[in-house]
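Both backbone and side-chain heavy atoms feed into the values below; hydrogens, waters and symmetry mates do not.
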Amino acid sequence: MFCFFAEDTGLFDKKQFTNAIKIFTNIDGSDLNVFFVHLFKKLDSEDKTSFSTPFSDFPYVNGTIFDTAKHTIAIPDFNAQARHLILECTKSDWSEINPDIFGTIFQSIVDAQKRDEGGMDYTSVPNILKVIEPLFLDELHELFDKYYDDANKLFKLLIRISKIKVFDPACGSGNFFDYFL
């Protein structure tokens, strides 16, 4: 699911994941599990030297989501129908998926003790808003409502907003940052 999302949001090159499956796996799907093993190893590695095409072309994905030393990624065997279905899934627009789903999935599948040991907690948008609304967002909304018909004051508000900097020392999923984009 991450790879579909990454391909459609620009984290991967356009059609990079789709084309790699089409070109570098057998039509019968018999080697697709091996493909995913190599892909996930590459996604967890900054060093590209030990990887061949197409894996060397994929970017490093920080955050240990693909770290097989920390958690086991069970990859099933595939057949032609499963390969076909994966390729059909690449035709959907995965950029429409709210990235919160990944945090929720991640938090629900990683063992609670391992999550605590690694400090791997996901902060939902409602919880982010509980923090930032009273800090400054409520005031900005009030000012916007107050000055919505005054172009000069709205421009000054825009300048103020453009100077806001948020420091998130945990920055696990980047949700605090993503909220402002």
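- Judged purely by distance below 3.5 Å, without hydrogens or angles, the side chains of Asp93 and Ser95 pair a donor atom with an acceptor atom.
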> Checking side-chain contact (heavy atoms from CB on, under 4.5 Å) for the pair Trp94/Met1: CA distance, chi angles, key distance, verdict?
Replying inline: CA-CA 9 Å; Trp94 290 82; Met1 201 157 101; 3.5 Å; yes

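- Crowding of Lys156 atom NZ: a count of heavy atoms from other residues, nucleotides or ligands under 6.0 Å not exceeding 12.
- The distance from atom OH of Tyr148 to atom CG of Leu143, rounded to the nearest 0.5 Å, is 15.0 Å.
- Clustering ILVMFWY residues whenever any of their side-chain heavy atoms sit less than 4.5 angstrom apart, transitively, puts Phe36 in a cluster other than the one holding Leu85.
- Using a 4.5 Å heavy-atom threshold, the side chains of Thr53 and Ser56 count as touching.
- Between atom CD of residue Glu139 and atom CG of residue Leu137 there is a gap of 10.0 Å, rounded to the nearest 0.5 Å.
- Between Phe58 and Phe51, the distance separating the two ring centers is not shorter than 6.0 angstrom.
- Between Leu39 and Cys3 the shortest heavy-atom distance is CD2-SG, 4.0 Å.
- Follow the hydrophobic side-chain contacts under 4.5 Å out from Leu129 and you reach Val131 in the same cluster.
- The structure places CG of Asp47 at 8.0 Å from NZ of Lys42, a figure rounded to the nearest 0.5 Å.
- Between the side chains of Glu7 and Thr18, at least one donor N or O sits under 3.5 Å from an acceptor N or O.
- Note: Phe55 and Phe35 have tilted aromatic rings, judged against thresholds of 30 and 60 degrees for the angle between ring planes.
- Phe78 and Ile86 get closest at one heavy-atom pair: CE2-CD1, 3.7 Å.
- Environment of CG in Leu135: crowded, with over 12 heavy atoms of neighbouring residues, nucleotides or ligands closer than 6.0 Å.
- Grouping the Ile, Leu, Val, Met, Phe, Trp and Tyr side chains by contacts below 4.5 angstrom, directly or via other members, places Tyr147 with Ile164.
- Applying the salt bridge (charged side-chain N to carboxylate O under 4.0 Å, His left out) rule to pairs touching residues 79-88 yields Glu88-Lys91, sequence neighbours excluded.
- Within 6.0 Å of atom NZ in Lys146, 12 or fewer heavy atoms from other residues, nucleotides or ligands are found, so the atom counts as exposed in its surroundings.
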>> Could you walk me through whether Val37 and Lys41 satisfy the side-chain contact (heavy atoms from CB on, under 4.5 Å) test, starting with their C-alpha distance in whole Å, then the side-chain angles of each, then the deciding distance to 0.1 Å, before giving a yes or no?
In response: CA-CA 6 Å; Val37 167; Lys41 282 182 183 176; 4.0 Å; yes

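- The structure places CD of Gln81 at 13.5 Å from CG of Asp28, a figure rounded to the nearest 0.5 Å.
- Of all non-hydrogen atoms in Asn26 and Ser30, the two that sit nearest each other are ND2-OG, 3.3 Å.
- Annotation: the span from His141 atom NE2 to Phe136 atom CZ amounts to 9.5 Å, rounded to 0.5 Å.
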> Phe12 and Phe2: side-chain contact (heavy atoms from CB on, under 4.5 Å), yes or no, with the steps?
Replying inline: CA-CA 11 Å; Phe12 294 168; Phe2 173 84; 4.2 Å; yes

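- In this structure, Thr90 and Leu87 approach most closely via the heavy-atom pair OG1-O, 2.5 Å.
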>> Let's go through Phe4 and Ile97 carefully: what are the C-alpha distance in whole Å and the side-chain angles of both, what is the deciding distance for side-chain contact (heavy atoms from CB on, under 4.5 Å) to 0.1 Å, and is it a yes or a no?
In response: CA-CA 10 Å; Phe4 298 138; Ile97 300 292; over 6 Å; no

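- Between Gln16 and Pro59, the closest heavy-atom pair is OE1-CD, 4.4 Å.
- Considering CG of Leu154 and CG of Asp149, their distance stands at 8.0 Å, rounded to 0.5 Å.
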